[in-house]
Amino acid sequence: MPRSIKPQMLEGDSEELKQLLTDWISAIDIPVVFENTGSANGYYHLVDNYIAIHEERSTMQQLKTLVHEYAHHLLHRKNGGEFNTASTDIKESQAESVAFIVMAHYNFDTSKYSFPYVAGWSGDIDIIKKIGTDIVKCSHTIIEKLGAKEESKEVVTA
């Protein structure tokens, strides 16, 4: 991140969160691996088309990272990503803003991480204005996909 604003890592490791992470991974259409990603919480591999999540982060941080990296997949993949040629500032601002909205939809407050992260990458309110509609559309797509998994799960258990 280019600026000195430091996001606070998210905490939380309950069995419910671990199950939710498993459910969300099975709901998306891209492979997910857990590994040591160094100082990064995760990454989206553009060439091999998979998401890597840091194996030692809290489950809450892993959930948020999954959504962030999945947003990169939807928005920035080489084949089909509408914003694959956008600047890194825009890509990171988009992905984290989507993660914040999706997590908030599920009643998880990631603002201590997401707000400094987006502020550090965007540095300019005009970037947020420029990408706002795209953030909302992508968030809606992810919520629908995760919600479809929840609905199918409810049908199975009923």
Side-chain angles (χ1 to χ4, degrees), residues 1-30 32 34 37 39-44 51-77 81-83 86-155 157:
M1 192 172 343
R3 292 163 186 81
S4 62
I5 300 170
K6 182 135 172 92
Q8 292 181 23
M9 296 297 279
L10 303 174
E11 298 178 8
D13 282 308
S14 70
E15 289 305 313
E16 292 82 10
L17 290 176
K18 290 175 184 176
Q19 184 59 55
L20 187 60
L21 181 60
T22 300
D23 292 346
W24 285 7
I25 289 170
S26 67
I28 63 174
D29 55 354
I30 181 171
V32 177
F34 290 86
T37 59
S39 62
N41 294 320
Y43 60 86
Y44 167 59
I51 292 171
I53 298 175
H54 200 297
E55 62 195 357
E56 295 181 6
R57 299 294 190 256
S58 72
T59 308
M60 180 61 74
Q61 187 70 49
Q62 291 173 337
L63 278 166
K64 201 261 337 139
T65 300
L66 176 67
V67 176
H68 174 106
E69 300 306 338
Y70 189 55
H72 276 305
H73 166 69
L74 294 175
L75 296 168
H76 309 131
R77 67 184 179 267
E82 185 178 351
F83 301 95
S87 69
T88 301
D89 289 354
I90 291 203
K91 288 178 180 178
E92 290 302 324
S93 297
Q94 283 175 321
E96 191 60 29
S97 296
V98 167
F100 173 77
I101 291 169
V102 171
M103 295 298 285
H105 174 81
Y106 289 97
N107 296 315
F108 297 120
D109 180 7
T110 65
S111 59
K112 289 180 181 180
Y113 186 93
S114 296
F115 291 175
Y117 189 95
V118 171
W121 278 105
S122 67
D124 184 349
I125 193 66
D126 289 335
I127 288 177
I128 301 302
K129 289 177 185 174
K130 182 176 179 181
I131 63 176
T133 301
D134 307 312
I135 291 167
V136 172
K137 286 192 317 192
C138 184
S139 299
H140 182 70
T141 299
I142 294 173
I143 289 166
E144 281 187 338
K145 184 166 280 288
L146 297 177
K149 174 65 179 172
E150 288 300 310
E151 288 169 16
S152 67
K153 184 178 175 184
E154 290 174 11
V155 170
T157 59

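Sequential numbering from 1 along the given sequence is applied to the chain's residues. What's counted below: heavy atoms across the whole structure, side chains too, no hydrogens, waters or symmetry copies. Quick caveat: nothing in here was measured; it's all calculated off a predicted structure.
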**Study point:** Other residues, nucleotides, ligands: >12 heavy atoms within 6.0 Å of Lys18 NZ
**Key:** yes
Check your understanding: Atom CH2 in Trp121, atom OG1 in Thr88: separation rounded to 0.5 Å?
Key -> 6.0 Å
Check your understanding: Heavy-atom distance under 4.5 Å between the side chains of Ile142 and Val98, does that happen here?
Key -> yes
Review point. Does the side chain of Ser114 pick up a donor-acceptor pair with the side chain of Glu96 at under 3.5 Å?
Key: yes
Review point. Got a sec, which residues hit ring-ring contact (aromatic ring centres under 6.0 Å, His included) with His73, two or more places apart in sequence or on another chain?
Key: Tyr44, Tyr70
Check your understanding: Quick one: CG on Leu10 to CD on Gln61, what's the gap to the nearest 0.5 Å?
Key -> 4.0 Å
Check your understanding: Backbone N or O of Asp23 within a donor-acceptor pair of the Ser26 side chain at under 3.5 Å?
Key -> yes
Practice item. Please say whether more than 12 non-hydrogen atoms of neighbouring residues, nucleotides or ligands are located less than 6.0 Å from CD in Glu11. Key: no
Exercise for review: Could you list the residues that satisfy side-chain hydrogen bond (donor to acceptor under 3.5 Å, both in side chains) with Ser111, not counting sequence neighbours?
Suggested key: Asp109
Revision key, fill the gap. Interatomic distance, OG@Ser139 vs NE2@His105, rounded to 0.5 Å, equals 10.5 Å
**Study point:** Glu92: side-chain hydrogen bond (donor to acceptor under 3.5 Å, both in side chains) partners, not counting sequence neighbours
**Key:** His68, His72, Tyr117
Check your understanding: Any side-chain heavy atom of Gln94 within less than 4.5 Å of one from His76?
Key -> yes
Study note, to complete from the structure: Interatomic distance, CG@Leu63 vs OG@Ser58, rounded to 0.5 Å, equals 8.5 Å
Point to revise | salt bridge (Lys or Arg N to Asp or Glu O under 4.0 Å) partners of Glu16, counting only residues at least two apart | key: none
Review point. Any side-chain heavy atom of Leu66 sitting closer than 4.5 Å to one from Ile28?
Key: yes
Point to revise | Set of residues satisfying side-chain hydrogen bond (donor to acceptor under 3.5 Å, both in side chains) with respect to Thr65, sequence neighbours excluded | key: none
Check your understanding: Hey, are the side chains of Tyr106 and Leu146 touching, using non-hydrogen atoms and a 4.5 Å cut-off?
Key -> yes
Review point. Donor-acceptor pair, Asp13 side chain versus Thr59 backbone, under 3.5 Å?
Key: yes
**Study point:** Contact check, side chains of Phe108 and Phe100, non-hydrogen atoms, under 4.5 Å
**Key:** no
Point to revise | Residues in side-chain hydrogen bond (donor to acceptor under 3.5 Å, both in side chains) contact with Asn41, at least two apart in sequence or another chain | key: Arg57, Tyr113
